[in-house]
Protein chains: 4
Amino acid sequence: MSGNSFGRSLVVTTFGESHGPAIGVVVDGCPPGLEFDLDFVASELARRRPGSSKAVTQRKEDDLPQLRSGVFENKTTGAPIAIEIANTDARSKDYDANKNVFRPGHADYTYWQKYGLRDHRGSGRASARETACRVAAGAVAKMILKKLCKAEVRACLMQMDDIRLAISDWKLVDCNPYFAADPESIDKLEQRIEQLRRERDSCGALVYVEALAVPPGLGEPVFDRLDADLAKALMSINAAKSVEIGAGTKSVTQRGSEHGDEMKALGEFSSNNAGGILGGISTGQTITAQVAFKPTSSIAQPRHSVDTDGKPTQVTTKGRHDPCVGLRAVPVVESMAALVLADHLLRHRGQTGLIDKRFS
Amino acid sequence: MSGNSFGRSLVVTTFGESHGPAIGVVVDGCPPGLEFDLDFVASELARRRPGSSKAVTQRKEDDLPQLRSGVFENKTTGAPIAIEIANTDARSKDYDANKNVFRPGHADYTYWQKYGLRDHRGSGRASARETACRVAAGAVAKMILKKLCKAEVRACLMQMDDIRLAISDWKLVDCNPYFAADPESIDKLEQRIEQLRRERDSCGALVYVEALAVPPGLGEPVFDRLDADLAKALMSINAAKSVEIGAGTKSVTQRGSEHGDEMKALGEFSSNNAGGILGGISTGQTITAQVAFKPTSSIAQPRHSVDTDGKPTQVTTKGRHDPCVGLRAVPVVESMAALVLADHLLRHRGQTGLIDKRFS
Amino acid sequence: MSGNSFGRSLVVTTFGESHGPAIGVVVDGCPPGLEFDLDFVASELARRRPGSSKAVTQRKEDDLPQLRSGVFENKTTGAPIAIEIANTDARSKDYDANKNVFRPGHADYTYWQKYGLRDHRGSGRASARETACRVAAGAVAKMILKKLCKAEVRACLMQMDDIRLAISDWKLVDCNPYFAADPESIDKLEQRIEQLRRERDSCGALVYVEALAVPPGLGEPVFDRLDADLAKALMSINAAKSVEIGAGTKSVTQRGSEHGDEMKALGEFSSNNAGGILGGISTGQTITAQVAFKPTSSIAQPRHSVDTDGKPTQVTTKGRHDPCVGLRAVPVVESMAALVLADHLLRHRGQTGLIDKRFS
Amino acid sequence: MSGNSFGRSLVVTTFGESHGPAIGVVVDGCPPGLEFDLDFVASELARRRPGSSKAVTQRKEDDLPQLRSGVFENKTTGAPIAIEIANTDARSKDYDANKNVFRPGHADYTYWQKYGLRDHRGSGRASARETACRVAAGAVAKMILKKLCKAEVRACLMQMDDIRLAISDWKLVDCNPYFAADPESIDKLEQRIEQLRRERDSCGALVYVEALAVPPGLGEPVFDRLDADLAKALMSINAAKSVEIGAGTKSVTQRGSEHGDEMKALGEFSSNNAGGILGGISTGQTITAQVAFKPTSSIAQPRHSVDTDGKPTQVTTKGRHDPCVGLRAVPVVESMAALVLADHLLRHRGQTGLIDKRFS
């Protein structure tokens, strides 16, 4: 129950530390008979892989997914799908200096308080490296969504620091290290990253995610609402500080006569302030959400902190880090949203059995 | 699995429709031997009770909690605590007009799509009335927190429409129908509510919640992070559209050198951008969050919609409703936050066993 | 997590003590649109109702189910179905004598050890009265099985004390207080019960249960095997001491060449030593199991025990009890088996989606 | 939810097929700071390892546990403990002959019915090889029990075919391939195994398991009773057909005056028909249970069956198999019992917090 599993019908369990021999994920509950595409899993992992550009950490990892179980003759068997990813470029010694020191903004202090000890090498379990497992699982979720209801999830950068982006060209997203859908923004983003490296500082980011062609009826009333489960899934990503659905915080200053989306026909709405979810259940409209990420906590300038004895000290985080951790969060956001949708698709089919009739 | 239960170690299950004979809640996993205060449960329910002021719906309900099990000689026994609340002032006929019509901003359409039928009387299960059960459960959670670690949860109105409130006087919160902690704001809020009634419209609100004296170590890494579970709990409240933890969305434009809270001593921080949570685990600082609520969807002016045959029509929601549903959400926000903390307190004690040594 | 809920897709939660105001059950996850038959629930409850014959406890309870939610215009809505049953004939004073004494064979001592206190009135939560809630939930499960796959669950008495029964006439089962399907046995059973009353003693029983027309494919490999979940469900019934599936313990002395059921055609087997389950998954054959129940612990003769101070004493259990608690367990066994099958039916449909195609 | 996870507070997830690259297990929720002994895990695995004697399958596997995460500087960190075991001696071609045929007594037909396809190589996921993962997890559970409450779990052979064994010498158990605690029986067992090999047949077995020094108070009332969870855990082992607790099926012919264990002092009983569990909660006495295993289904003699087209055919199972699968089940029975106890120990500590005070 220690919180390393996610989902009810499609259950994902991750394991592994940043500097251990490997990290891995088990996806349980996948429908049988699905065409399994390991290359797709690899390509998804490549999207968040470190060392791929100047904009991100220079740690070099191939992140090649090794399939351990759940697939036979290229088809899912219904058994748990286990995928492992080796750690090859860990540099534990980078972290020895801070072995007994709590890095500001990191989980060092809380792990130490919770467990009485911690794996200080590269943040151990708290490392963003764990999210690679989520991306591998998310790839499976995307296969399920595509097969069962042709739904598609995609995300892009909405804002970095004070640079607001347009969402004009989705094809651009995978052609730049910023996951930007706005051609105008690339130069500005690049300059800002350079500036941050010079200033040995970091900044935050806002990520937008949407799910297209999601059938109506997904999500459970009351606690396991689709928006509630999305909020949990997205807030569980390292460095996330807020989650908004549809009009989000803007709803506060809207009037009911403005916010409430009117209907023109069954499944046809005049607007989408709801973000595709009403009463916790999908409407059939595009599901929209945005997630705010705090600036990377690991920065190469001295910060005040204390050691495990409470003695004041200064910490300068060495190691190789992203100036804006929110950038590489984009594929993770996509993956977590896909996992929530696939899970609820199976839950919905279990209780109501309607899925088949409508979608296959 | 239909999503009417919440929590892992402290499991809350609610039942009942707005216009059924009664609503109720079962709280399973409560520690034994706790002094059980039914009057406290009643007083908590009174805080969100309808009909208590001009600012809220005029539906009149006593909302007296009827204890069914789990308590013997005023002490919790460790058995499930069941509490029932009667529905006495339901006016189902108010809803007959919209029986086959989908009200904009409501769950009518999504329930109909998910289940193929719906209880149209007062929104049935989707009614905010269900939140009374959460408040009753939240009262139990508050008893647990108080007893095991003296933690306290409190919430207040932060913004209504464009009226921003100060948080200056917590004693004021339960002395005004707006749950405002800002004496200056009362008149403005009252006038805005009057205006909305005149305009037959509604507005949104922003609610602030904080948890004091929460021990460090609560929350699980990876998926069941304390902030992730708070995000789910708060987003699961009717009409919620966004959840922010600590600096929240503001983190996007912060620098790492500004956001990362420095430490002065063990458990002593120079700031609290983290909102009392690092790596998904409590730091021991005050936990802070805010929730945005959309404007009430039920407004007494004609809106475009369609009926179950897809025929365009106009809907004017009769019935008795809150001009700003976010106001009465304040005690619900408190309750959901308390449930998450109590659940994680028991989870943490189960895995690490440290609680006792430190806190009692 | 305190163990008062059961099931994954169809989740049952019970509450209430033997001598509290009422007991109740919440069934969450029921498919929507099912014809709901409250009279059927009542008739199922009547089968295990106390006071119905000389063979059972003389406590008089109407056990009329009061529906609280989940049904609208006689159809299930998909919302939690809550059913309450009042306690009307509790005689708490019967138990005052043993307030501080641990009755042999009862949960008195273990509850006291676990919780540090206990509700001594009629065993509180540990009372067989709790099983009424399981029967109410089982009735819902039977409705689901009947509707989705026409499966049927039935149970009868197989042995009482050393009286072995034939299973020759299922129509007889509900026409005698022993749930016997063997006309020859009635007199012997009646005489044995009389004898036990004279001797102020009790005896055990063996209950047989079978499920007909269960589709193949139900059950999950590895841990949530259909037989494993049946074992848990049946062993969770008060006084159960063993569970056997198919050939059960007899398998120990069988040869592989005898035990392994040969196939004659798809879904057609030459024998059924497996009890309709292979590898934890249903074969499509009749599912068979048997449950052993210990003799009633409450007997009206003095027994050695100690009080809460450890002082040796003698206990004579007053109150009204069944000479053979295994008899009234028959409808409970049926109900628990039905709940397991309905739960797995929905789980199977969720993951594979095959149900519809095959059965509706 | 596909059933490859077990436990609530201590959650075990297994993955991998008999003839895949590897099998593995993730143990989540382990208390932090435990001395982790990988050699002990290896020695436990060695106890069930194939190829270790004439009595068992001749498949040769080293079954060396590879630790992937959850341990740092020889101490558990509180993070998931992942252990992988390579498959090195799989001979898939042994199974090609039966690729489209359903072997009697096997899960071939049910997997095919459930999933529409199956991994026929060595039974894939249904292979007893999966139980190696349970033994690795059970070793972790034993470490937890030893550390938190000094409880110990041990099992031995009680009967093989019609050979009944005494339980006289526990030290003998790991010195013979039959896990017998009865010196007198070894020759008889060896001759019976030889005979079975000659006859190309197999037989069943009865395994006894007991848990010593288990604190009182473990187990939840109603559904998650300790005996119910033990029943599920033990029945989930491949080939298990019955589970008995304490006096088990014998209780049927006992009188209440005989079965109900009298008390002489707090925690001191005159007998143990209960098997150390009353009302689903541990009494502090030794917990006793026995599990019946069916004869190995894979036998080298022709049996009637059908192929995937329903065409009648004959099947002779090649491959290397145990004449009595119940023998190697002994360490698995121990492991599953240990997992249930460790899980409930943490659950109990979470809700009541009493553990520490009493046991450490």
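Chain letters run A, B, ... following the sequence lines, proteins first, then strands; residues in each count from 1.
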Going through the checks in order, is the side chain to side chain contact (heavy atoms under 4.5 Å, CB included) test met by C:Lys75 and B:Leu117? CA-CA 9 Å; C:Lys75 284 210 155 36; B:Leu117 82 175; 3.8 Å; yes
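- Atoms OH and OG1, from C:Tyr115 and B:Thr76 in turn, are 10.5 Å apart once rounded to the nearest 0.5 Å.
- Heavy atoms only, all atoms of each residue included: B:Pro80 and C:Arg125 are closest at CD-NE, 3.7 Å.
- With a 4.5 angstrom heavy-atom cutoff, B:Leu67 touches chain C only via backbone atoms.
- In terms of heavy-atom proximity, C:Asp28 sits nearest to B:Ser5 at OD2-N, 4.4 Å.
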Step-by-step side chain to side chain contact (heavy atoms under 4.5 Å, CB included) determination, C:Phe72 to B:Arg118: CA-CA 8 Å; C:Phe72 179 58; B:Arg118 67 181 173 101; over 6 Å; no
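- With chain B as partner, the option from C:Pro31, C:Cys30, C:Pro21 having the largest number of non-hydrogen pairs under 4.5 angstrom is C:Pro21.
- Both the backbone and the side chain of C:Arg68 come within less than 4.5 Å of a heavy atom in chain B.
- Listed here is the closest heavy atom pair of C:Val26 and B:Val26: CG2-CG2, 4.5 Å.
- Ranked by heavy-atom pairs under 4.5 Å with chain B, the list C:Arg121, C:Glu73, C:Glu84, C:Gln66 is led by C:Glu84.
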